[in-house]
Number of protein chains: 2
Amino acid sequence: MDRIDRKLLNLLQHDASRTNVAMADEVGLSPSSCLRRIRRLRRNGVIQRIVAILNPAKTGRVLKALVTVELKLHGEQHMRQFLNLAIGEDAVAQAYAVTGGVDVVLMLQLRDMEEFDALCDRLFRDQTNVARFFTMMVIRTAKNETAVPL
Amino acid sequence: MDRIDRKLLNLLQHDASRTNVAMADEVGLSPSSCLRRIRRLRRNGVIQRIVAILNPAKTGRVLKALVTVELKLHGEQHMRQFLNLAIGEDAVAQAYAVTGGVDVVLMLQLRDMEEFDALCDRLFRDQTNVARFFTMMVIRTAKNETAVPL
DNA sequence: GATGAATGTGCAACAAAATTGCATGAAAGT
DNA sequence: ACTTTCATGCAATTTTGTTGCACATTCATC
């Protein structure tokens, strides 16, 4: 992982649609060397995958919400059970087990409040293991970065 | 945005590294038609960009933390000022202005606790506009999905 | 310092993919 | 029924990805 690798990773993190020859040009390498480096970074698992980032608003997911969840029973199996329930939901974009006053934090991407209502029903209903949940609707997304600083 | 477009978007959301001919094959289209559809989805802004997703652990960012922040002054300019301060930090991966008991939620990706300490100094110090902040360290990431359900 | 293994590099040739122009065919509106 | 619009497939062309090979560089061992 030298300077050139980092440069390649930074380029790929922000725009992986450019061609190999263009990238080789930018880092001052021949296309073949450049390609071999990228393949190695992929084999090593540094590059997990190449994906398209869609505009959520253009696909109807206009609402975001952060929800903190406090469980009734805190055993490992109960935690896992709730997380499995949560990650099975399409609207749950991120799910974390955390330290602090709560047990779980969820990031939701919703079409409308009706979907939120239905989701609360499925995840936070009386029969589930949820003692309390607290919702923070996202007013503004100031930053949402997929790139990792190197 | 018909069935084929959605199929293409789903393929691209999970693996944008496959070739155009492979994708054309999967959706049952000729390569040229497939390419034109993808270009249109990009022009329309449905596809925002193509990026490489790196493994944060392999780049030394092993700690994640969620921080809720309560401001002292709640005016729009104060909010914007704090958000601008936050998004300037490399360790801040996500930053949201939210409703609920707090004003801002940050998602941090940290190398170690020392970096967290230094970051708190810069963002939550006495001279800043922060009344209170509450940290939840991430124990487990159960889900972290870049794809939007269609 | 010399030697040898290991690794990375550029070049050239080849294979494969992206891209474009064009003609055909379907759908929509007049 | 007619025109317009739009998407599609085909074929030709350009561009890119890929591989084998010889050479240079680094590093460790003698």
Side-chain angles (χ1 to χ4, degrees), chain A residues 1-62 90 111 145-150, chain B residues 1-62 90 111 145-150:
Chain A
M1 271 277 283
D2 59 358
R3 203 181 51 83
I4 295 182
D5 278 335
R6 271 189 290 277
K7 208 166 169 183
L8 283 174
L9 288 174
N10 256 328
L11 290 174
L12 286 171
Q13 279 196 119
H14 293 101
D15 180 9
S17 72
R18 76 188 81 194
T19 65
N20 181 48
V21 293
M23 300 224 325
D25 230 46
E26 293 206 52
V27 301
L29 238 60
S30 72
S32 54
S33 292
C34 184
L35 184 69
R36 278 188 283 254
R37 272 174 183 266
I38 292 172
R39 275 210 287 239
R40 192 186 45 171
L41 288 169
R42 250 227 258 208
R43 269 203 318 279
N44 295 347
V46 180
I47 297 175
Q48 285 189 329
R49 47 190 192 151
I50 310 288
V51 300
I53 302 295
L54 305 194
N55 185 342
K58 294 250 179 185
T59 62
R61 301 251 145 17
V62 293
D90 274 355
R111 295 183 199 283
E145 183 63 72
T146 56
V148 180
L150 303 174
Chain B
M1 271 277 284
D2 58 357
R3 203 181 52 82
I4 295 182
D5 278 336
R6 272 189 290 276
K7 209 166 170 182
L8 283 174
L9 288 174
N10 256 329
L11 290 173
L12 286 171
Q13 281 196 116
H14 293 100
D15 179 9
S17 71
R18 77 188 79 193
T19 64
N20 181 47
V21 295
M23 299 224 324
D25 230 45
E26 293 205 52
V27 301
L29 235 58
S30 73
S32 53
S33 290
C34 184
L35 183 69
R36 278 188 281 254
R37 271 175 184 267
I38 292 172
R39 274 210 287 240
R40 191 187 44 170
L41 288 168
R42 251 226 258 209
R43 270 203 317 278
N44 295 348
V46 180
I47 298 174
Q48 284 190 327
R49 47 189 192 152
I50 311 286
V51 300
I53 303 295
L54 305 193
N55 186 343
K58 296 253 179 184
T59 62
R61 298 258 186 329
V62 293
D90 274 355
R111 295 182 199 283
E145 183 63 71
T146 56
V148 180
L150 304 173

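Residue numbers begin at 1 in each chain, while the letters A, B, ... track the order of the sequences.
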Original post:
Below 4.0 angstrom from OP1 or OP2 of C/dT9, is there any side-chain N or O of A/S30?
Top reply: no

Original post:
For C/dT19, does OP1 or OP2 lie under 4.0 Å from any side-chain N or O of B/S32?
Top reply: no

Original post:
Which is true for B/R39 with a 4.0 Å heavy-atom rule: it touches a base, it touches only sugar-phosphate, or it touches nothing?
Top reply: sugar-phosphate

**OP:** Could you tell me which non-hydrogen atom of A/R6 sits nearest to which non-hydrogen atom of A/M1, and how far apart they are?
**Re:** NH1-O, 3.4 Å

Original post:
Rounding to a whole Å, what distance do you find between B/M1:CE and D/dA7:P?
Top reply: 14 Å

Original post:
Between A/A52 and B/I47, what is the shortest heavy-atom contact and its length?
Top reply: CB-CG2, 4.2 Å

Subject >> Nearest-nucleotide pick for A/L29, side chain only, options being C/dT20, C/dG10, D/dT16 >> reply: C/dG10

Original post:
Can you tell which of C/dA18, D/dT16, C/dG8 lies closest to the side chain of A/R37?
Top reply: C/dG8

Original post:
Just wondering, do A/I38 and A/N20 contact through their side chains at under 4.5 Å, heavy atoms?
Top reply: yes

Original post:
Once you round it to whole Å, what is the distance between P of D/dG17 and CZ of B/R18?
Top reply: 18 Å

Original post:
Taking all atoms of both residues into account, what is the closest heavy-atom pair of A/H14 and B/R49, and its distance?
Top reply: O-NH1, 3.7 Å

Original post:
Tell me: CG of A/N44 to C1' of C/dT7, nearest whole Å?
Top reply: 14 Å

Original post:
Starting at the 5' end of DNA chain C, which residue's closest nucleotide do you reach first, B/L35 or A/I4?
Top reply: A/I4

Original post:
With a 4.0 Å cut-off, would you call A/R111 and A/D90 a salt bridge?
Top reply: no

**OP:** State which of D/dT8, D/dG17, C/dC11 makes the closest approach to the side chain of A/N20.
**Re:** D/dG17

Original post:
Tell me: CG of B/D2 to P of C/dA28, nearest whole Å?
Top reply: 13 Å

**OP:** Take the protein atom CZ of A/R3 and the nucleotide atom P of C/dG8, then report the distance between them rounded to whole Å.
**Re:** 16 Å

Original post:
Rounded to the Å, how far apart are A/M23 CE and D/dG17 C1'?
Top reply: 13 Å

Original post:
Checking all strands, does B/R40 fall into the base, sugar-phosphate, or nothing category for heavy-atom contacts under 4.0 angstrom?
Top reply: sugar-phosphate

Original post:
Is the base of D/dG17 touched by the side chain of A/R36 through a donor-acceptor pair closer than 3.5 angstrom?
Top reply: no

